[in-house]
Amino acid sequence: MRAPISDLPLVLDDVSLQAGATVILSRLSLTITPGAPTLIVGPNGAGKTSLLRLCMGLAAPSAGRVTWGGRTDRAPLRRAILFQRPVMLRRTTAANVAYALAIEEISRGCASVGVTLSVNNSLYCDPLLKYGTDAQKERWLKPFAAGEKLGCFGLTEPQAGSDAAEQRTTAVRRGDKYVVNGTKNWITNGPVADAMVLFTMTDLSKGTKGITAFVVDTGTPGFLRQKSDEKLGICASPSCTIFFENMEVPVANRLGQEGEGFKIAMSTLDGGRIGIAAQAIGIGMAAFEEARDYAKLRKTFDVPIAQHQAIQFMLADMITELEAARLLTLRAASLKDSGARHSRESSMAKLYASEAANRVADKAVQIHGGMGYSKELDVERHFRDARITEIYEGTSEIQRLVISNALLK
Ligand code: CAA
C-alpha cells in the first residue's frame, strides 16, 4: 500500500506505523515491514502529523540566522530530540537507516537542529548504549534518549583535532575518583549540554592505549564552559571551549576499562559520520530544491532560466550527486544495523556526501545569481551550513586516510 506521508498516523512512542505502508521521504521510498521500526514523530504526543511537516516546522523561519546567546527558542530543539527515543531504545533491524533518513529530513529544514540531534544521538548516546553498564545506562542514557537531557562529546583539543590520539587532558586516579585537568574545544552542544562523554589520558606513556573515556555531569565543579564560538554557519548549533580544573570524576563514571578510550572514540565516530553524511544530504537537498524552484520562476532572455541547458545540466548533476550520496549513506547505516564493522563505508558516505553538498550549494547560489548572495533567501544559509560537513567528525582528508588504510591493509 502506498500512502502520502501526511495521511499516515505517526504516533509518538510507538514506532509501529501501518505495516506494509510506504512512506515517501525526499523521493525515497521506505517500505514499512511489520515489526520493524519506522520514523516516529509527534511533538508532545500529537497523534497524526506529517514527518515532513514536522521537520519543516522545526526549522523555524529564523533558524539559520539566530545565534544561540539568548534569542534562540529551545522548544524546537526539545521537540527534535524526541525523535531519537525509539531509535535509541529499541534495538530493531532498521534503526540506523531510519535514523539517517530522519537526520536528512531535519537538516533539510535546519542543519543546526540536525547536528544537535546527531551529536546527542550518535556521539553521546551510542557509546553509552554500546559500552555503558546497566547502571550507567539507567542514569546517563535513558533521559538523554528520551529528549529530557542533551549530551555532548569531548574528544577534540587544541592540538588534537585530526590527530585525535594527541590527547593532553589528563585523568589521575585518586582512590575512588579521577582528577581531570585539561581543555576541550569546538564542543558541539557544549554550552547547553547536561553531560559529556569525555576522553582523557590516564597513561601518557602508552599512546592510544593510554586513553580512557568517562561520562561526566556538566554541573561538576571544575567543568568550566567558555563563551559560545562564533561561526560561519550552523549558527543555531552552540559550541564552545571547556576547561577542566581539578574536576573530580567518580570511578563509577568510567566508560569501559582504562586504555579503551581511543577505540570507543573511533568506533563512535564510525556511527557519527553517518549522521553527518545525512546532515550534508539534507542541506544539499534544500539547496537543490530552492534552485530548481527558482529556475522555473526567474526569466532571462524571455524564458525561465530552467529552459537554458546550462541550468538544466547543473540541476541534473546536483540531484545525481545527492542521490548517490544517499545510497552510500544508507549502505553504511544498514551495515551498522547488521552489527558489521562499517568504518570504511561511513567514511565514504561522509566524504562523498559532504563534498557533494558543497558542490550542490555552490551551484544553487550560482543559479540564484545575485539573489543567491543575499541574506534574504535561505540558499545563502545552506551554502554556509554545508561547509562544516567537510570539517567536523573528521575532515575530508581524514576520511580519505580511513578509506585508503582499509584498502591497503
Ligand atoms: N574502530 C575500532 N578501533 C579502531 C578504529 C575504529 N573505527 N579506528 C582505529 N581503531 C584502533 C586501531 O585498530 C588501533 O588499535 P591497535 O593499536 O590495537 O591496533 C588503534 O585504534 C589506533 O589506530 P590508528 O593507528 O589507526 O590511529 P591513528 O592515531 O593513526 O588515528 C585517525 C587514526 C583515523 C586519523 C583518527 O585520529 C581520526 O579519526 N581522526 C579524526 C578525529 C575526528 O574525527 N574528530 C572529530 C571530533 S568530534 C566532532 O567533530 C563532533 C562535532 O563537532 C559534530
Side-chain angles (χ1 to χ4, degrees), residues 103 107 111-127 130-131 150-167 169 184-193 196-199 201 206-213 228-229 231-234 236-242 256-257 259-280 332 335-336 339-348 350-351 354 385 387-409:
I103 294 287
S107 302
S112 295
V113 175
V115 71
T116 302
L117 235 173
S118 181
V119 165
N120 183 64
N121 211 331
S122 305
L123 299 188
Y124 176 84
C125 291
D126 211 42
K130 203 163 161 196
Y131 301 102
L150 191 67
C152 65
F153 183 76
L155 178 68
T156 303
E157 299 188 8
Q159 74 297 331
S162 288
D163 190 0
E166 268 300 302
Q167 298 288 306
T169 293
K184 296 286 170 184
N185 61 349
W186 296 116
I187 303 304
T188 301
N189 295 352
V192 290
M196 168 188 271
V197 168
L198 170 66
F199 297 89
M201 262 299 176
K206 289 189 177 159
T208 56
K209 297 213 166 30
I211 296 173
T212 302
S228 285
D229 301 320
K231 301 185 291 249
L232 171 72
I234 54 164
S237 157
S239 65
C240 70
T241 294
I242 294 163
Q257 298 304 311
E260 285 183 352
F262 195 69
K263 288 195 177 176
I264 294 176
M266 291 299 112
S267 59
T268 298
L269 285 165
D270 288 344
R273 288 167 185 161
I274 297 173
I276 301 305
Q279 183 205 24
L335 263 181
K336 185 165 193 277
R341 176 103 182 233
H342 50 280
S343 315
R344 184 182 78 116
E345 291 77 8
S346 295
S347 284
M348 284 179 166
K350 202 258 185 193
L351 170 66
S354 61
D385 286 352
R387 195 63 185 84
I388 189 63
T389 64
E390 289 180 299
I391 298 171
Y392 59 21
E393 299 206 26
T395 59
S396 288
E397 292 69 29
I398 290 296
Q399 309 311 327
R400 289 185 169 93
L401 261 185
V402 173
I403 297 163
S404 56
N405 285 346
L407 283 180
L408 302 172
K409 250 185 198 161

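Residue numbers start at 1 and run along the sequence shown. Start at 1 and go down the list; that is how both ligands and their atoms are numbered.
Between Phe199 and Phe262, the distance separating the two ring centers is not shorter than 6.0 angstrom.
Close N/O approach between Tyr392 and ligand 1 is not found [any backbone or side-chain N/O within under 3.5 Å]. Any N or O atom pair closer than 3.5 Å counts here, and Lys263 shares at least one such pair with ligand 1. Backbone and side-chain nitrogen or oxygen atoms of Gly394 are examined, and one is located within less than 3.5 angstrom of a nitrogen or oxygen of ligand 1. On a distance-only criterion, Thr208 and ligand 1 share no N/O pair closer than 3.5 Å. Close N/O approach between Thr156 and ligand 1 is not found [any backbone or side-chain N/O within under 3.5 Å].
With values rounded to the nearest 0.5 angstrom, Ser122 atom OG is found 11.5 Å from Arg273 atom CZ. Remark: Ile391 CD1 to Trp186 CH2 distance equals 9.0 Å, nearest 0.5 Å. Atom OG of Ser354 and atom CZ of Arg387 lie 9.0 Å apart (nearest 0.5 Å). The CG atom of Leu269 sits 9.5 Å away from atom CD1 of Ile276, with the distance rounded to the nearest 0.5 Å. Separation of atoms CG (Asn189) and OG (Ser237) is listed at 6.0 Å; rounding is to 0.5 Å. Annotation: the span from Ile211 atom CD1 to Glu260 atom CD amounts to 12.5 Å, rounded to 0.5 Å.
Looking at Ser343 against ligand 1, only its side chain comes within 4.0 Å, counting heavy atoms. With a 4.0 Å cut-off on non-hydrogen atoms, Val119 touches ligand 1 through its side chain and not its backbone. With a heavy-atom cut-off of 4.0 Å, Val402 touches ligand 1 through its side chain alone. Only the side chain of Arg273 comes within 4.0 Å of ligand 1, judged by heavy-atom distances. With a heavy-atom cut-off of 4.0 Å, Ser239 does not touch ligand 1 at all.
Formation of a donor-acceptor pair under 3.5 Å by the Gln167 side chain with backbone atoms of Ala160 is not found in this model. In this structure, Lys184 contributes its side chain and Leu155 its backbone to a donor-acceptor pair below 3.5 Å. A donor-acceptor pair under 3.5 Å is formed between the side chain of Lys350 and the backbone N or O of Gly394. No donor-acceptor pair closer than 3.5 Å links the side chain of Ser239 to the backbone N or O of Ile187.
Closest approach of Gly275 to Ile103, counting heavy atoms only: O-CG2, 3.5 Å.
Side-chain N/O atoms of Thr169 and Glu157 include a donor and acceptor closer than 3.5 Å. Counting only N and O atoms by type, the side chains of Ser346 and Asp270 include no donor and acceptor under 3.5 Å apart.
Summary of contacts: the protein heavy atom closest to atom 50 (O) of ligand 1 is Glu393 N, 2.8 Å. Among all protein heavy atoms, the one lying closest to atom 29 (O) of ligand 1 is Ala165 CB, 3.8 Å. Ranking protein heavy atoms by distance to atom 22 (C) of ligand 1, first place goes to Phe262 CE2, 3.6 Å. Looking at atom 53 (O) of ligand 1, its nearest protein heavy atom turns out to be Thr188 OG1, 2.8 Å. Among protein heavy atoms, atom 7 (N) of ligand 1 sits closest to Asp270 OD2, 2.9 Å. Protein heavy atom closest to atom 16 (P) of ligand 1, with residue, atom name and distance, is Lys209 NZ, 3.3 Å. Among all protein heavy atoms, the one lying closest to atom 6 (C) of ligand 1 is Arg341 NH2, 3.2 Å. Shortest contact from atom 32 (C) of ligand 1 to any protein heavy atom: Met266 SD, 4.5 Å.
Heavy-atom proximity to Ala164, at under 4.0 Å, picks out these atoms of ligand 1: 37 (O), 42 (C). Remark: ligand 1 atoms within the under-4.0 Å shell around heavy atoms of Ser162 are 35 (C), 37 (O), 38 (C), 40 (N), 41 (C). Close contacts between ligand 1 and Phe153 involve ligand atoms 48 (S) [criterion: under 4.0 Å to a heavy atom].
For the ligand labelled ligand 1, residue Leu123 lies inside the 4.0 Å heavy-atom shell.
In this structure, atom 39 (O) of ligand 1 has protein heavy atoms in its sub-4.0 angstrom surroundings. For atom 25 (O) of ligand 1, the nearest protein heavy atom lies 4.0 Å away or farther. Contact annotation for atom 46 (C) of ligand 1: protein present (non-hydrogen atoms, distance under 4.0 Å).
The shortest side-chain heavy-atom distance between Thr208 and Met266 does not fall under the 4.5 Å cut-off.
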